[in-house]
Visitor: 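Quick one: the structure is below, questions incoming.
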Amino acid sequence: MGKKKGRAKGRLGRLDMDVEVASKDEYEEQLKKLQLKMLRIQQAYFHQKRRAVIVFEGWDAAGKGGAIRRLTETLDPRGFHVWPVGKPAPEEQGRHYLWRFWQRLPVPGGLAVFDRSWYGRVLVERVEKFCGKEAWKRAYEEINEFERMLVDDGARVVKIFMHITPEEQLRRFQERLQNPYKQWKITEEDLRNRARWQDYVAATEDMFARTDTKAAPWFVVPGNRKWYARLRSLEIVTKELSRGVDIALPPLDPRVQAAAAAALGLAGKD
């Protein structure tokens, strides 16, 4: 039998695309635990003035938006920013492609989440020939240096690629076309990209081979089952951001405690 369309031989082809969560109850229980851990991480990063950059890449309709929504929905909105990345704005064109991402890096104590990222240079810009071969081949090392500088400067960088099969993408496209609340999500560009699936597989595998570094490794998530993909993404982010970081809630500032006791008449009370 011939191989299915889009079945890759590399890192994408080795994924178990049928893995899933046992039940809705298990999904909701695990989601709640991971979201609570993520909230503690956000508070730890705020108090310790740490920074984190979280990158989501993947196929159109792979579930990046859904995973980001579950990642951030219990967080304090003042402490993170989600950056949806499309084509460069007019004022960004003509500048180095990394320039617009420098402008969106988090301040100390903050988190930046990128829904697509600088990897567009070696994915869509490569495949659609929006830049020359010399430019996208040079970009691998530029990106590695960019991420290494972030890590050396104290930021955590977490990179997730969400993978789905072409059959599942087709099903989701059809669902979007039939749902008035989701029709805005599908564009002519999505359909054009689908027609070049194998070219994007090749570009993605090259991206893994050239930019999966010790400082900023790639984590590839099977996305055919949405519940599993959301939990797995949260597991990766919380594990990476908490590694070597004390995420225990800090004690109340003694000065605030004393002031509250005096102002609210709580002196001598537990």
Side-chain angles (χ1 to χ4, degrees), residues 6 8 10-12 51-65 67-68 81-106 111-153 155-164 169 187-221 223 233 236:
R11 192 163 175 177
L12 298 180
R51 293 169 294 140
V53 175
I54 305 166
V55 172
F56 281 85
E57 286 286 352
W59 301 96
D60 298 319
K64 298 181 294 298
I68 292 171
H81 198 112
V82 176
W83 298 105
V85 176
K87 65 180 181 180
E91 64 272 16
E92 295 168 337
Q93 297 175 9
R95 300 177 185 266
H96 192 279
Y97 68 95
L98 288 175
W99 180 85
R100 60 174 171 156
F101 300 107
W102 276 109
Q103 316 307 308
R104 294 166 171 80
L105 295 178
L111 312 175
V113 183
F114 289 89
D115 184 351
R116 298 199 183 278
S117 67
W118 41 93
Y119 282 98
R121 188 69 159 189
V122 297
L123 294 174
V124 64
E125 293 185 33
R126 165 185 168 172
V127 173
E128 305 299 336
K129 295 182 170 55
F130 293 152
C131 68
K133 184 176 182 179
E134 181 180 343
W136 63 256
K137 294 190 75 170
R138 184 176 65 243
Y140 295 121
E141 189 59 31
E142 294 171 340
I143 288 171
N144 287 340
E145 286 299 304
F146 172 59
E147 293 173 351
R148 184 188 60 79
M149 284 190 291
L150 293 178
V151 173
D152 288 349
D153 196 44
R156 285 284 167 88
V157 177
V158 183
K159 305 184 304 192
I160 294 175
F161 186 93
M162 303 192 73
H163 179 53
I164 55 175
Q169 186 190 61
T187 67
E188 291 184 9
E189 183 178 340
D190 295 337
L191 303 176
R192 182 194 67 205
N193 293 347
R194 177 177 168 79
R196 305 194 65 175
W197 186 278
Q198 292 296 346
D199 293 331
Y200 276 98
V201 168
T204 301
E205 293 291 357
D206 285 347
M207 178 186 74
F208 293 150
R210 300 290 297 275
T211 63
D212 185 22
T213 65
K214 183 178 180 180
W218 275 106
F219 297 90
V220 187
V221 173
S233 298
I236 292 167

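Reckoned from all heavy atoms, side chains included, excluding hydrogens, waters and symmetry mates. In what follows, residues are counted from 1 in the order of the sequence shown.
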Visitor: Where the side chain of Glu125 meets the backbone of Phe130, is there a donor-acceptor pair that is under 3.5 Å apart?
Guide: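 Checking the backbone N and O of Phe130 against the side chain of Glu125, no donor-acceptor pair under 3.5 Å is found.
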Visitor: Leu105 versus Phe101: any side-chain heavy-atom pair under 4.5 Å?
Guide: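 They are not in contact (no side-chain heavy atoms under 4.5 Å apart), so the answer is no.
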Visitor: Which pair of heavy atoms, one from Val127 and one from Ala203, lies closest together, and at what distance?
Guide: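 That closest heavy-atom pairing would be CG2-CB, 3.9 Å.
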Visitor: Identify the two heavy atoms, one from Val55 and one from Ser117, that lie closest to each other, and give their separation to 0.1 Å.
Guide: CG1-OG, 3.5 Å
Visitor: Looking at Arg104 and Glu92, is there a salt bridge between them, counting it only when a charged N and a carboxylate O are closer than 4.0 Å?
Guide: yes
Visitor: Work out which heavy atom in Ala216 is nearest to a heavy atom in Val157; give both atom names and the distance.
Guide: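 The answer is CB-CG1, 4.0 Å.
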Visitor: Working note: Arg148 + Asp152, criterion salt bridge (Lys or Arg N to Asp or Glu O under 4.0 Å); need CA distance, chi angles, decisive distance, verdict.
Guide: CA-CA 6 Å; Arg148 184 188 60 79; Asp152 288 349; 2.7 Å; yes
Visitor: In the structure I gave you, are the side-chain heavy atoms of Phe56 and Ser233 within less than 4.5 Å of one another anywhere?
Guide: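 Yes - at least one pair of side-chain heavy atoms lies under 4.5 Å apart.
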Visitor: Find out whether Arg11 and Asp212 are in side-chain contact, i.e. whether some heavy atom of one side chain is under 4.5 Å from a heavy atom of the other.
Guide: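 Side chain of Arg11 against side chain of Asp212, heavy atoms only: contact under 4.5 Å found.
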Visitor: Tell me, with the steps shown, if Tyr200 and Glu128 meet side chain to side chain contact (heavy atoms under 4.5 Å, CB included).
Guide: CA-CA 10 Å; Tyr200 276 98; Glu128 305 299 336; 2.9 Å; yes
Visitor: Ignoring hydrogens and angles, tell me if any N or O in the side chain of Asn193 forms a donor-acceptor pair with the backbone of Asp190 under 3.5 Å.
Guide: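 Side chain of Asn193 to backbone of Asp190, a donor-acceptor pair under 3.5 Å: no, none is there.
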Visitor: Under a 4.5 Å cut-off applied to non-hydrogen side-chain atoms, are Leu191 and Arg194 in contact?
Guide: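 The answer is no; the side chains never approach within 4.5 Å.
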Visitor: Contact between Arg116 and Glu57 at the side-chain level, heavy atoms closer than 4.5 Å - yes or no?
Guide: yes
Visitor: Is there a side-chain contact between Ile143 and Met207 in this structure, where contact means two heavy atoms from C-beta onward sitting under 4.5 Å apart?
Guide: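 Side-chain contact under 4.5 Å: no.
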Visitor: Could you check Asp206 against Val122 for side chain to side chain contact (heavy atoms under 4.5 Å, CB included), going step by step and ending with a plain yes or no?
Guide: CA-CA 9 Å; Asp206 285 347; Val122 297; over 6 Å; no
Visitor: Supply the atom-to-atom distance Leu150 CG to Trp102 CH2, rounded to the nearest 0.5 angstrom.
Guide: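 The distance works out to 5.5 Å.
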Visitor: From Asp115 CG over to Ile54 CD1, what is the distance, rounded to the nearest 0.5 angstrom?
Guide: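 The distance works out to 12.5 Å.
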Visitor: State whether the number of non-hydrogen atoms from other residues, nucleotides or ligands found under 6.0 Å of Glu188 atom CD is greater than 12.
Guide: no
Visitor: Could you check whether any side-chain heavy atom of Arg51 comes within less than 4.5 Å of a side-chain heavy atom of Asp153, counting everything from C-beta outward?
Guide: yes
Visitor: Kindly say whether Met162 contributes a backbone atom to a donor-acceptor pair with the side chain of Lys64 at under 3.5 angstrom?
Guide: no
Visitor: Under a 3.5 Å distance rule, please check whether Gln169 uses its side chain to pair with a backbone N or O of Ala61 as donor and acceptor.
Guide: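 Side chain of Gln169 to backbone of Ala61, a donor-acceptor pair under 3.5 Å: no, none is there.
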Visitor: Any heavy-atom pair between the side chains of Trp59 and Val201 that's under 4.5 Å?
Guide: yes
Visitor: Can you say whether the rings of Tyr140 and Trp136 are parallel (under 30°), tilted (30 to 60°) or perpendicular (over 60°)?
Guide: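 Perpendicular.
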Visitor: Between Phe161 and Tyr119, does the ring centroid distance fall short of 6.0 Å?
Guide: no
Visitor: To the closest 0.5 Å, what do you measure between CZ (Arg95) and CD (Gln103)?
Guide: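 Going from CZ on Arg95 over to CD on Gln103, the span is 7.5 Å.
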Visitor: Using 4.0 Å as the upper bound for N to carboxylate O, is an ion pair formed by Arg121 and Glu142?
Guide: no
Visitor: Shortest non-hydrogen contact from Pro106 to Val53?
Guide: CD-CG2, 3.7 Å
Visitor: From Thr213 OG1 over to Asn144 CG, what is the distance, rounded to the nearest 0.5 angstrom?
Guide: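 Interatomic distance, Thr213 OG1 to Asn144 CG, rounded to 0.5 Å: 5.5 Å.
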Visitor: With rounding to the nearest 0.5 angstrom, report the CE to CD distance, Met149 to Glu147.
Guide: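 So the CE of Met149 and the CD of Glu147 are separated by 10.0 Å.
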Visitor: How long is the span from the CZ atom in Phe146 to the NE2 atom in His96, to the nearest 0.5 Å?
Guide: 10.0 Å
Visitor: Using 30° and 60° as the class limits, which term best fits the ring planes of His163 and Trp197: parallel, tilted or perpendicular?
Guide: tilted
